[in-house]
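This report concerns only the one structure given below.
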Amino acid sequence: MGPELTSTYAIATDRSFWPLASAHLVAASPYMLATHDRNLDIDCRDIAVLRYAPTTTDSVETQFAIYDHVLRLGAGVGATAGVAQSISMKAMATPGELQSRAVAAVNKKRKRGLGGDSTAEEQVTKKIAAWHTLNFFSLSKERRWAIICSVRIAYKETAKAELMLLRKMDEAKAARLKASREEEITKHANRSLKYFKLAAVIVVASIAALASLVALHAGSPKKLVADLCQQIRLRKHVFGVPASELPCIGAKPGATDFSEAERLRKAFELIVAKPLPAKPPPPTPYPVRAAAAAPSELATQLDMSHMSDVSRAWRELIAVLDGGAIFKAPKRKRKKSAVPAGPSRQKKAKAKAPTPAELALQGEDFEEDGIDWRVLSVRWHEGMGKVVVWYYDIEEADATGVTEKHMDDAIESGDSYDCLEFSSVPEIKDWLKVAGKTS
């Protein structure tokens, strides 16, 4: 509730005002309930989830019919809404049309017992007078002609230019929706592939198993760190253990392999002492849409067909994975550090230092697209003309032996690594908020 409604509600429910408010509710409730029941759709009465659905009026259906008709002409939403509103207000109806519509409306009301004490002729006259206020033909002939001439003169400069702009906006929106859909499909594929890859890892779930793993890599702390990190990912992505209950992946700057291995070993002594939770079902390799609230027979058939296609694709994926072929779905394409070629006509933004709040993002971990990321640094980007956040894929950096020093040097020299990317500060904050790292 807004502040005005909140204060009004507080006054109405105050003990001293309650006798007045309750008396008003008692007197008004029969009429309120009658209005509520009258506005319910009787066709949805037997459908549990739509029991209180409002009735669909002829006026609403008329508006949708107008939208269907005008959109076939390639008009924008603004023009369509204007035409629908003008027809609804009877703005362009002729005097004869107003008369016939008023008679039909009054007769319909009187059949339902809503005519009142006045005669049918008086009600028709009153309705025509109300419509006449908004009617174009209520203006004088000279005034109407002046408006028509003005519209003709400005048509090319306004209507056609606006139409082209609206078409460009619609095309851009369609491209964004397509890119968003492709990104969602890639994200589901990444999560599914990561799940099956990690599900094949043997779980270290006891002190004895942990001791065996430590003894196996007694002379190679780096390999021990890699295996323990896999155990963290296994618990997070396969068993659904919250990230807050697991140690951070990846060493902080200045840590040695030995100190990192000791940190993870001590953390796992506490982790393996607790039983693993029940394994949740695996993620779907393809986005599955939710079923309709009140599906028709055709919708049910289409939904079953869609689920059958998803199940078949899943079986094919499992067959590939059972054959020993592990692969990665492509990451989402992000902007790299390269500056677009060619001279820029825009004035370059003045470089500025990151704020303390932006610098506080350094070292934060988050998950996005089924990948564990870590913020490397926050700095000014000359090509983008703003402060950006550099972050890297922790697993890929460990696998390829790329250190944070290597990535810092690459940023300074204009080079890059496959595991290194950057995004805007608001986007990183959104991902950290989803991960529960920021408020």
Side-chain angles (χ1 to χ4, degrees), residues 1-71 77-78 80-91 93 97-135 289-303:
M1 293 188 294
E4 296 85 0
L5 188 57
T6 303
S7 60
T8 304
Y9 179 81
I11 294 173
T13 54
D14 186 80
R15 182 183 295 273
S16 59
F17 282 91
W18 181 242
L20 295 174
S22 61
H24 170 75
L25 292 174
V26 169
S29 58
Y31 304 97
M32 295 165 65
L33 289 173
T35 302
H36 173 268
D37 295 339
R38 185 171 62 250
N39 289 331
L40 296 182
D41 193 335
I42 60 175
D43 295 331
C44 300
R45 186 176 298 165
D46 299 328
I47 303 175
V49 295
L50 298 177
R51 185 175 300 163
Y52 301 108
T55 184
T56 303
T57 64
D58 293 340
S59 175
V60 174
E61 292 177 353
T62 301
Q63 307 303 313
F64 280 112
I66 293 169
Y67 268 83
D68 288 340
H69 176 70
V70 179
L71 289 176
V77 176
T80 305
V83 173
Q85 184 68 12
S86 66
I87 294 178
S88 177
M89 295 188 308
K90 314 295 187 297
E97 184 181 356
L98 290 178
Q99 177 71 26
S100 61
R101 285 180 176 271
V103 170
V106 168
N107 289 339
K108 184 177 180 180
K109 266 194 169 184
R110 294 178 70 86
K111 286 181 181 179
R112 295 166 57 191
L114 303 175
D117 298 333
S118 57
T119 64
E121 290 75 12
E122 291 173 343
Q123 293 176 29
V124 168
T125 302
K126 183 178 180 181
K127 189 170 284 293
I128 291 176
W131 289 344
H132 190 73
T133 304
L134 303 172
N135 190 259
R289 61 173 177 259
S296 62
E297 184 177 351
L298 176 59
T300 303
Q301 293 176 357
L302 292 174
D303 191 57

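Since the model is a prediction, treat every value here as computed from it, not as a measurement.
Taking all atoms of both residues into account, the shortest heavy-atom contact from R110 to T119 is NH1-C, 3.9 Å. Residues V124 and A102 approach most closely at CG1-CB, 3.9 Å, considering heavy atoms. Contact record, A93 with L98: CB-CD2, 3.7 Å, taken as the closest heavy-atom pair.
A search for side-chain hydrogen bond (donor to acceptor under 3.5 Å, both in side chains) contacts involving E97 returns R101, not counting sequence neighbours.
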For residues 127-134, please give each side-chain donor-acceptor pair under 3.5 Å, one per line with the distance, not counting sequence neighbours.
| unit_1 | atom_1 | unit_2 | atom_2 | d |
| --- | --- | --- | --- | --- |
| T133 | OG1 | A129 | O | 3.3 |

